[in-house]
There are 2 protein chains.
Amino acid sequence: MQIDPNHLIILAAVVDEGGLTQGAAALGRSQPSLSRSLSALEARLGLPLFEKGRRPLIATELGAALAAQGRMIRAAAAEASMQAGLYAGGKTGAVRVAGTPVFMDAVIASMIAGFQQANPNVRIDQSYGYADTLIRDLQSGALDVALCPLPPDAVPEGLAFDEILQGRNVIACRIGHPLARKKTLRLSDIAPYPWIAPPTASPLYQDLKAILAEIEVDDFRVSFSGGSISAVRTVLEGSDSLTILPYSVLFMMRHHKSLTALDIRIRHAPRHLGILSAKSSSDRPVVRRFQRHLAHEFKSLARTITHQQQASVWGV
Amino acid sequence: MQIDPNHLIILAAVVDEGGLTQGAAALGRSQPSLSRSLSALEARLGLPLFEKGRRPLIATELGAALAAQGRMIRAAAAEASMQAGLYAGGKTGAVRVAGTPVFMDAVIASMIAGFQQANPNVRIDQSYGYADTLIRDLQSGALDVALCPLPPDAVPEGLAFDEILQGRNVIACRIGHPLARKKTLRLSDIAPYPWIAPPTASPLYQDLKAILAEIEVDDFRVSFSGGSISAVRTVLEGSDSLTILPYSVLFMMRHHKSLTALDIRIRHAPRHLGILSAKSSSDRPVVRRFQRHLAHEFKSLARTITHQQQASVWGV
DNA sequence: GCTCAATATAACTCAAGGTTATGCAAATTG
DNA sequence: CAATTTGCATAACCTTGAGTTATATTGAGC
């Protein structure tokens with residue numbers, strides 16, 4: 001026996017509202033429409049859903065039992081509507097985001113926290129990776145959003161790149177480091193100190209090699225490598241090691257008052273930190289919202305950095 | 001946003017079966033039909049339910065979420081179908097049955113037990129009453145089936161009466177009773193013994209009065225009254241009291257070997273025990289089935305009684 | 001690049017379900 | 001008890017959704 005779910009919804013409405021007229025009003029339809037639908041259901045079942053000859057239309061046992069199912073169906077349909085609404089508003093769904101490890105941990109993690117605070121039903125699937133794998137995953141549809149540095153003219157086919165910060169790197173050390181006090185530093189000054197090396201796959205590693213080549217150090221001493229930002233920070237704080245970090249990463253750690261940057265400008269290929277995403281992935285409202293959130297957060301971060309730098313120029 | 005439950009069912013089928021073609025097969029419809037229905041749903045939502053450009057038709061997050069609701073709807077509709085089927089087959093529902101207390105307890109209760117054994121999902125609402133209230137409740141629709149004695153020509157308007165047993169009463173006493181051994185009893189022999197009186201509203205009470213009038217006893221001694229069959233039996237077994245009982249009630253208690261009937265025929269108005277029911281209530285399959293069950297049980301009981309009587313005639 | 005399999009589209013038909021108008025019967029009321 | 005009100009059923013009509021078959025289109029795999 002095949003039963004139309006819509007008929008059960010109508011039945012539930014009529015039973016719950018206490019009559020055809022009220023049920024019709026509740027459903028926004030005409031009374032004859034419901035009357036006929038329920039007649040059709042009764043005919044199909046071959047059994048009465050309502051006591052016949054009773055005016056305030058009282059349900060039979062069967063009618064009451066089927067109305068219960070109708071309520072479930074109505075609830076499920078309403079739930080579906082709500083889900084669709086949430087989804088369309090970017091309030092639910094999953095976002096797959098990845099980026100370079102240090103940057104994700106130091107900068108993006110807190111932005112994700114803010115997003116999840118406002119959108120508790122959104123799932124964030126985070127992972128780590130460098131430009132090449134990020135691009136590949138974006139293009140294959142395995143990733144929604146990636147955060148990484150990229151040269152301005154190297155935006156891959158089918159992807160959008162939204163620049164958010166300058167990709168400037170600095171040499172970081174503990175605040176009490178011998179070099180930290182020096183006003184004028186030459187590159188050769190830093191030669192004696194051991195290095196904390198980024199993973200070799202990291203763009204930072206290339207930058208580090210470039211610096212050391214510039215000061216003509218070939219066999220630099222690596223005191224520590226392979227650690228996350230948390231490990232790197234701990235080691236930096238407890239030693240005179242140096243490392244190379246994106247300025248934004250160092251900036252985010254400014255409140256800890258434990259690390260600082262050497263007053264020396266590093267030259268490297270021009271590039272920007274940016275949000276990389278597949279153009280097609282923006283048709284998912286959550287992803288879109290998440291990207292906008294990141295962009296907004298970065299704009300605000302960039303402002304803060306600018307203020308801070310002006311403040312340090314004008315004193316403090 | 002209004003969503004058609006049927007669309008969600010289709011969505012669930014396609015997601016679960018892994019494709020439009022398989023989904024169509026599972027639902028017994030054509031593939032283009034589903035294709036268009038889902039397109040309509042997508043259009044209504046303004047959101048894609050399936051990744052576009054993927055051939056084995058893979059659901060998006062939203063599609064998967066809505067499919068879950070579709071599964072619920074499908075389950076509810078299937079449950080409704082099953083309920084309707086059970087109801088039509090008389091396997092579920094409620095039956096309101098009533099009758100005279102002694103008869104219900106001694107005869108009907110075990111028949112109800114048998115019915116419930118075979119139909120665990122049927123609810124039996126039992127109550128007690130005498131002819132007048134039973135008839136009124138049947139006519140008002142407050143009762144489905146009643147069991148009581150009725151004169152053959154007194155079947156009320158709108159009710160059906162199905163005769164099941166002769167409404168013969170007997171005088172009952174304990175097996176060791178002084179009168180139980182006597183072969184030839186006169187009515188006057190029973191005058192000295194005290195009586196257990198049925199409730200005054202009971203037809204048995206009228207019969208008792210008639211008997212006593214026949215033996216010209218006006219102020220008969222009542223040793224006990226107002227008890228259920230269980231109490232009556234206990235008192236009977238422990239004393240030389242007499243009482244009046246339908247023969248069928250006594251017969252049902254034959255295995256206890258504690259009570260017997262005096263060998264004396266009681267005259268009373270002709271009547272039959274029968275199943276009384278509103279003609280309109282038989283449109284409820286459970287009620288119909290329950291009535292048939294009772295009728296069948298009674299037919300078998302009548303056969304047993306006949307055999308037993310023949311056996312007692314031919315010896316034993 | 002070709003082939004195969006699966007989905008989308010087209011064109012058409014039919015039935016379900018929407019509407020308004022109206023009839024009819026049960027409840028209510030004086 | 002008659003009259004009125006109220007609520008459900010029916011009629012007639014129309015729109016829309018959904019079913020069909022035939023066919024175009026497009027990923028996927030070799």
Side-chain angles (χ1 to χ4, degrees), chain A residues 1-45 47-60 63 67 70 73-74 77 139-141 158 280, chain B residues 1-45 47-60 63 67 70 73-74 77 139-141 158 280:
Chain A
M1 183 77 62
Q2 192 83 319
I3 296 183
D4 188 334
N6 282 309
H7 289 173
L8 295 178
I9 290 179
I10 291 173
L11 175 62
V14 170
V15 169
D16 293 347
E17 300 291 327
L20 269 187
T21 311
Q22 294 92 320
L27 293 178
R29 296 179 200 179
S30 69
Q31 170 265 315
S33 175
L34 303 209
S35 177
R36 216 166 26 140
S37 292
L38 290 180
S39 296
L41 180 54
E42 280 185 334
R44 166 162 301 183
L45 294 174
L47 294 164
L49 296 169
F50 295 95
E51 308 285 355
K52 41 193 72 173
R54 306 304 307 277
R55 205 30 101 90
L57 213 57
I58 188 161
T60 62
I73 292 173
R74 180 188 21 171
Q139 285 173 332
S140 78
S280 64
Chain B
M1 182 76 63
Q2 193 83 320
I3 297 184
D4 187 334
N6 282 309
H7 288 174
L8 295 178
I9 290 179
I10 291 172
L11 175 61
V14 170
V15 169
D16 293 346
E17 300 293 325
L20 270 187
T21 310
Q22 294 92 321
L27 293 178
R29 295 179 201 179
S30 68
Q31 170 266 317
S33 176
L34 303 209
S35 176
R36 217 168 25 142
S37 293
L38 290 180
S39 297
L41 179 54
E42 281 185 335
R44 165 161 301 182
L45 295 174
L47 295 164
L49 296 168
F50 295 94
E51 309 285 355
K52 39 192 74 173
R54 308 304 307 278
R55 205 29 103 89
L57 212 56
I58 188 160
T60 62
I73 292 173
R74 178 186 21 165
Q139 285 173 332
S140 78
S280 64

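All chains are named by letter (A, B, ...) in the order of the sequence lines, taking the proteins before the strands, and each is independently numbered beginning at 1.
- For A/Ser35, no side-chain nitrogen or oxygen approaches OP1 or OP2 of D/dC8 to under 4.0 Å.
- In terms of position along DNA chain C, the nucleotide closest to B/Gln22 lies nearer the 5' end than the nucleotide closest to the other residue of the pair A/Asp4 and B/Gln22.
- For C/dA8, the base has a donor-acceptor partner in the side chain of B/Gln31 [N/O atoms by modelled type, under 3.5 angstrom].
- The nearest whole Å value for the distance from the CD1 atom in A/Ile58 to the P atom in C/dA27 is 11 Å.
- If you measure from atom CD of A/Glu42 to atom C1' of D/dC8, you get 12 Å, rounded to the nearest angstrom.
- When the P atom of C/dT19 is taken as reference, atom CG of A/Leu27 falls 11 Å away, rounded to whole Å.
- Taking atom NZ of residue B/Lys52 and atom P of nucleotide D/dT25, one finds them 19 Å apart after rounding to whole Å.
- Nearest approach of B/Leu20 to B/Ser35, heavy atoms of both residues: CD1-CB, 3.7 Å.
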Practice task
Check step by step if side-chain contact (heavy atoms from CB on, under 4.5 Å) holds for A/Asp16 and A/Arg74.
Solution key: CA-CA 12 Å; A/Asp16 293 347; A/Arg74 180 188 21 171; 3.0 Å; yes

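- Put simply, B/Arg54 has a side-chain N or O that comes within less than 4.0 Å of OP1 or OP2 on D/dA28.
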Problem - Test log, rule side-chain contact (heavy atoms from CB on, under 4.5 Å), inputs A/Glu42 and A/Thr60 - result: CA-CA 11 Å; A/Glu42 280 185 334; A/Thr60 62; over 6 Å; no

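- For A/Pro56, counting side-chain heavy atoms from C-beta on, the closest listed nucleotide (C/dA27, C/dT19, C/dA8) is C/dA27.
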Practice task
Could you walk me through whether A/Asp4 and A/Leu41 pass side-chain contact (heavy atoms from CB on, under 4.5 Å), step by step?
Solution key: CA-CA 8 Å; A/Asp4 188 334; A/Leu41 180 54; over 6 Å; no

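- Protein atom CG of A/Leu11 is 17 Å distant from nucleotide atom C1' of C/dG17, rounded to whole Å.
- For C/dA16, neither phosphate oxygen OP1 nor OP2 lies less than 4.0 angstrom from any side-chain nitrogen or oxygen of A/His7.
- Taking for each of A/Arg36 and A/Leu57 the nucleotide of DNA chain D with the nearest heavy atom, the 5'-most of the two is the partner of A/Leu57.
- Of the residues listed (A/Leu38, A/Thr21, A/Ile9), the one engaging A/Val14 in a side-chain contact (heavy atoms from CB on, under 4.5 Å) is A/Leu38, and it is the only one.
- Note on A/Thr21: only backbone sugar-phosphate atoms sit closer than 4.0 angstrom, heavy atoms only; bases stay farther off.
- The CD atom of B/Glu51 sits 15 Å away from the C1' atom of D/dG27 (whole-angstrom rounding).
- Under 4.0 angstrom from either OP1 or OP2 of C/dT19 there lies at least one side-chain N or O belonging to A/Ser30.
- Atom CG of A/Leu34 is separated from atom C1' of C/dT19 by 13 Å (rounded to the nearest Å).
- A/Arg29 comes within contact range of the sugar-phosphate backbone alone, with a heavy-atom separation under 4.0 Å but no base atom that close.
- Look at CD on A/Gln2: it is 14 Å from C1' on D/dG19, rounded to the nearest Å.
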